[in-house]
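As structure tokens, the structure follows; a few thoughts come after it.
Below, all heavy atoms of this structure are taken into account, side chains as well, without hydrogens, waters or symmetry copies. Order of the sequence lines sets the chain letters (A, B, ...), proteins ahead of strands, with each chain counted from 1.
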Amino acid sequence: MLQQINAIRGTKDFLPDEIHKLRYIEKTAVSVSERFGYYEMRTPVFEHTELFSRGVGDTTDVVQKEMYTFNDKGGRSITLRPEGTAGAARAFLEHGLFNEALPQKIFYLASCYRYEKPQSGRWREFRQFGVECFGSPTPFADAEVITLACVFFNDLGISNLQLEINSLGCPKCRKDYQKALYDYFISHKGSLCATCLDRLERTPLRILDCKSPVCGDISALAPVALDYLCCDCSEHFFKVKECLDATQVKYTVNPHIVRGLDYYTRTVFEFVSTDEKTKGLVCGGGGRYDGLLEELGSTSIPACGFGIGVDRTLLVMEAQEITFPEKSAVDIVIAATDDTSRLKAAFIADSLRYKGYAVIIDIMDRSLKAQMKFANKTGARYTAVIGENEIKSDFVELKNMKTGTKTEITISDFTNDFTDALLSDFD
RNA sequence: GUGGAUGUAGCUCAGUUGGUUAGAGUGCCAGGUUGUGGCCCUGGAGGUCGUCGGUUCGAAACCGAUCAUCCACCCCA
């Protein structure tokens, strides 16, 4: 026997048994997006590596150590997308969507790839529901994408999710803030952990995010970005909060949120699970990225958006024991007793399928009893047995599998409108 | 990338201080008479005990390596 080949580390199979859950989440994402006037865009899974190193940022962990990068046969450096925004922004620019009526509001459902050590809620291939609003500088846009995310989680019946928001300011005020931060941390240089010492020169903002108790204590007293916002940024943040209040979206301001992607300016936010079983899991995050499109070679175009982890959302829903719509069941199983009847059963099944019903017949050459058992397992609503007697008499019994009651009809009636009336009676 | 736990039938797990042909429940398949599911009864298939190497007369059990899963950190979706 040859050795079996298993799935790649950090990837996950969704089997027929649970795929309806994923579909339900995706369907909800589409529905919510369209209710806000966001339309789907699909971009390739791989892009030029440079798109991410320039867009997401060279200093980020994602770009530095988590990307699936390889050279294709033409010698191009290619990267499997680690997130969705860069590709969407690239497509927006490449196809000149900025010439259309602004804002351009986009959503996508995309698999993303990051080379990380896997654990539950963290996979090397994961699905992301993302939304991007290109062209609007106003706080109403920030609030709109946040509200959209809230409606999404609400539609799915998810509770115990905390929305945390913050403002990182624009490049102008961030500069002042970073200097203040640097000065503060340099005075505590002796106490910081090794990773944070490394961050000090590179990206001092991220020290605020450190979970080590010592750094946490130091961070707690560190200067807060919100205190360093310039007038414009300060007003923008105030209005975002005002909009959220208007739509009754609940949030807490967390001055320590620092997103891991470089392109964010001003508003940033995260949805964090507060549920016992999935505590601390970040289900989604986003913010404003007014500098990204310029970084990708365009004129300055403001934008904002978010990414929500579909798999993580599923994880939280399962932990909260939320009921999903049932997977679609088979309408009718047509069992047959002998080879001649099998042909007749196949004919009837096909006629019904043309009419739109889900019909299955036995293709395992099983006994009638086994066919009935199988029908039961598939959750079929009705069964019908075709045999010598039925073919002779032209009558067939349609059995309701829930109640066990049988209704006699002619075979020709079976495939015409009479069936519609009969089947629609089912509760 | 760092630290820790785990790895026995498709699934959930037993397996006594290392000792004959490795177990249960569940699922799967087939029967319980001649053409009808769910319950019950009977039987069957299915495991080189994650993999490789070592210790031993003998290893699922002990040791090492490796792979995988999970947890914490890191990071984020």
Please state how far atom CZ in A:R9 lies from atom C1' in B:U51, giving the value in whole angstrom units.
->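 One finds 16 Å between C1' of B:U51 and CZ of A:R9, rounded.
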Does a distance-only test, which skips hydrogens and angles, find a donor-acceptor pair under 3.5 Å between the side chain of [X] and the base of [N]?
X	N	result
A:N376	B:G38	no
A:K402	B:G37	no
A:E397	B:G35	no
A:K377	B:G37	no

Whole-Å [atom1] distance, [N] and [M]:
N	M	atom1	result
B:G46	B:G53	P	26 Å
B:A72	B:A14	P	23 Å
B:G4	B:G43	C1'	46 Å

Give a yes/no answer on whether the side chain of [X] brings an N or O atom under 4.0 Å of OP1 or OP2 in [N].
X	N	value
A:Q371	B:G37	no
A:R122	B:C71	no
A:S120	B:U69	no

Checking all strands, does A:E83 fall into the base, sugar-phosphate, or nothing category for heavy-atom contacts under 4.0 angstrom?
->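 Nothing: the residue A:E83, judged by heavy atoms under 4.0 Å, touches no strand.
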Sugar-phosphate only, base, or nothing, as touched by A:E125 at under 4.0 Å among non-hydrogen atoms |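 Nothing, no heavy atom under 4.0 Å.
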Base-pair string, RNA chain B, Watson-Crick plus G-U, cut-off 3.5 Å on both distances, | for inter-strand, is (((((((..((((.....[...)))).(((((.......))))).....(((((..]....))))))))))))....
